[in-house]
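Reading through the structure tokens given below for one structure.
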Amino acid sequence: MVDKAKECADMGQFVFLDDSEYNIPGENITVFGATLFTDPPVDKLETLESFYNNDVFLYGWDVQQHVWANHQTWRYLSERIRTITVEDPSRAFIIFTHNCPSRSVLTLGDTLQADVDGVSHRFSTDSEGQHPWGAPNLLLWAFGSTNHNCDYADMWSDMRVYSNQRGFQELEDFDERKFVDVVPLE
């Protein structure tokens with residue numbers, strides 16, 4: 001047990017990110033973390049309501065709070081990235097979210113094509129084109145919750161969009177040894 005504790009201690013500092021940020025010591029990089037709740041279109045809100053009432057049983061939490069939390073996270077990320085960029089134009093950013101920030105087939109895979117009921121709106125939101133998506137200093141947006149892995153560069157920016165999830169049933173392309181190397185802006 002002592003060996004395991006030492007092994008974990010050698011890994012570094014644990015930082016819990018919940019609509020918050022962390023500046024990597026010795027680097028010009030700020031890491032943001034958030035749940036990023038979703039903002040489904042009106043015709044898909046019933047699917048989300050059903051999810052809360054029948055699947056996860058989160059009493060006292062409803063669709064309006066879910067959507068409000070999405071807007072709060074967007075406001076936080078956008079304002080902080082804008083403010084920091086003015087203060088330090090050379091600072092780079094990384095964002096980690098639980099839910100997926102895109103409704104693209106690149107991020108959701110076949111899930112999107114087969115989703116006639118809108119179930120994917122529980123774990124993905126259409127953020128493309130909204131700041132901070134594709135902000136000039138945003139190097140990486142990594143996420144989970146889709147049971148689909150991806151690794152690509154956003155076509156409108158240099159931002160890397162990344163997910164390496166084990167999934168409910170281990171995904172064929174999951175790689176536990178994979179890591180992402182992020183190079184700060186010059």
Side-chain angles (χ1 to χ4, degrees), residues 8 11-40 66 69-82 84-85 88 90-112 115 120-186:
C8 291
M11 290 176 55
Q13 179 182 4
F14 174 80
V15 180
F16 181 72
L17 296 171
D18 181 24
D19 279 2
S20 54
E21 63 199 65
Y22 176 74
N23 293 317
I24 299 175
E27 300 288 340
N28 199 22
I29 299 175
T30 298
V31 178
F32 292 92
T35 299
L36 187 62
F37 289 93
T38 63
D39 187 5
H66 179 98
N70 168 274
H71 293 197
Q72 288 299 107
T73 296
W74 273 109
R75 184 175 302 120
Y76 167 74
L77 290 171
S78 186
E79 287 176 3
R80 288 300 299 145
I81 288 176
R82 286 183 202 278
I84 295 170
T85 300
D88 182 0
S90 65
R91 181 160 290 277
F93 306 106
I94 296 171
I95 298 176
F96 293 113
T97 56
H98 173 71
N99 286 323
C100 178
S102 170
R103 301 271 311 141
S104 164
V105 70
L106 293 172
T107 57
L108 296 178
D110 295 336
T111 303
L112 185 61
D115 186 24
S120 62
H121 287 284
R122 297 175 184 173
F123 52 80
S124 65
T125 195
D126 188 9
S127 307
E128 294 183 35
Q130 297 179 55
H131 191 272
W133 179 273
N137 300 27
L138 182 53
L139 303 178
L140 170 72
W141 195 313
F143 61 92
S145 196
T146 62
N147 286 302
H148 176 76
N149 293 323
C150 67
D151 188 0
Y152 68 93
D154 177 56
M155 64 187 290
W156 304 110
S157 68
D158 292 328
M159 179 182 69
R160 184 173 180 182
V161 181
Y162 180 82
S163 186
N164 182 33
Q165 305 169 60
R166 180 181 304 273
F168 293 118
Q169 299 169 347
E170 191 162 320
L171 297 170
E172 195 174 288
D173 59 346
F174 167 71
D175 184 352
E176 65 188 21
R177 297 166 309 217
K178 195 169 187 178
F179 67 94
V180 177
D181 188 14
V182 179
V183 179
L185 305 170
E186 297 292 325

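Position 1 is the first residue of the sequence, and the numbers go up from there.
The side-chain heavy atoms of Asn70 and Leu36, taken from C-beta on, include a pair separated by under 4.5 Å. At a threshold of 4.5 Å between non-hydrogen side-chain atoms, the residues Val31 and Ile24 count as touching. Counting only heavy atoms from C-beta outward, the side chains of Asp158 and Leu139 never approach each other to under 4.5 Å. Looking at Ile84 and Glu21, their side chains come closer than 4.5 Å, going by heavy atoms from C-beta outward. Phe32 has its side chain out of reach of Leu138: every pair of non-hydrogen atoms, C-beta onward, lies at least 4.5 Å apart.
The side chain to side chain donor-acceptor pair (under 3.5 Å) search around Gln130 returns none, not counting sequence neighbours. Residues satisfying the ring pair (Phe, Tyr, Trp, His ring centres under 6.0 Å) criterion with Phe143, sequence neighbours excluded, are absent altogether. In terms of the side-chain contact (heavy atoms from CB on, under 4.5 Å) criterion, residue partners of Leu106 (sequence neighbours excluded) are, by chain and number, Ser104, Tyr152. Residues passing the salt bridge (charged side-chain N to carboxylate O under 4.0 Å, His left out) test with Asp19, sequence neighbours excluded: none.
Smallest separation of non-hydrogen atoms from Cys100 and Leu108: SG-CD2, 4.2 Å. Closest of all the heavy-atom pairs between Leu17 and Gly33 is CB-CA, 3.5 Å. Smallest separation of non-hydrogen atoms from Trp133 and Ser127: CB-O, 3.4 Å. Here the closest non-hydrogen pair linking Ala135 and His131 is CB-NE2, 3.9 Å.
For the atom pair OH of Tyr162 and CD1 of Ile94, the computed distance is 12.5 Å after rounding to the nearest 0.5 Å. Rounding to the nearest 0.5 Å gives a distance of 9.5 Å between NE2 of His71 and NE2 of His66. In this structure, the separation between CZ on Arg80 and OG1 on Thr85 is 10.0 Å, given to the nearest 0.5 Å.
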Practice task
Apply the test side-chain contact (heavy atoms from CB on, under 4.5 Å) to residues Thr35 and Thr73: give CA-CA distance (whole Å), side-chain angles for both, the deciding distance (0.1 Å), then the verdict.
Solution key: CA-CA 8 Å; Thr35 299; Thr73 296; 6.0 Å; no
Exercise for the section: Could you please spell out the steps behind the side-chain contact (heavy atoms from CB on, under 4.5 Å) verdict for Ile95 and Ile81? Expected result: CA-CA 10 Å; Ile95 298 176; Ile81 288 176; 4.0 Å; yes
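Applying the salt bridge (charged side-chain N to carboxylate O under 4.0 Å, His left out) rule to pairs touching residues 124-142 yields nothing, sequence neighbours excluded. Sorted by first and then second residue, the pairs that involve residues 141-152 and meet salt bridge (charged side-chain N to carboxylate O under 4.0 Å, His left out), not counting sequence neighbours, are Asp151-Arg160, Asp151-Lys178.
Using modelled atom types, one side-chain atom of Arg91 and one backbone atom of Ile29 make a donor-acceptor pair closer than 3.5 Å. Between the Ser20 side chain and the Asp18 main chain, a donor and an acceptor come within less than 3.5 Å of each other.
A donor-acceptor pair shorter than 3.5 Å cannot be found between the side chains of Thr38 and Asn99.
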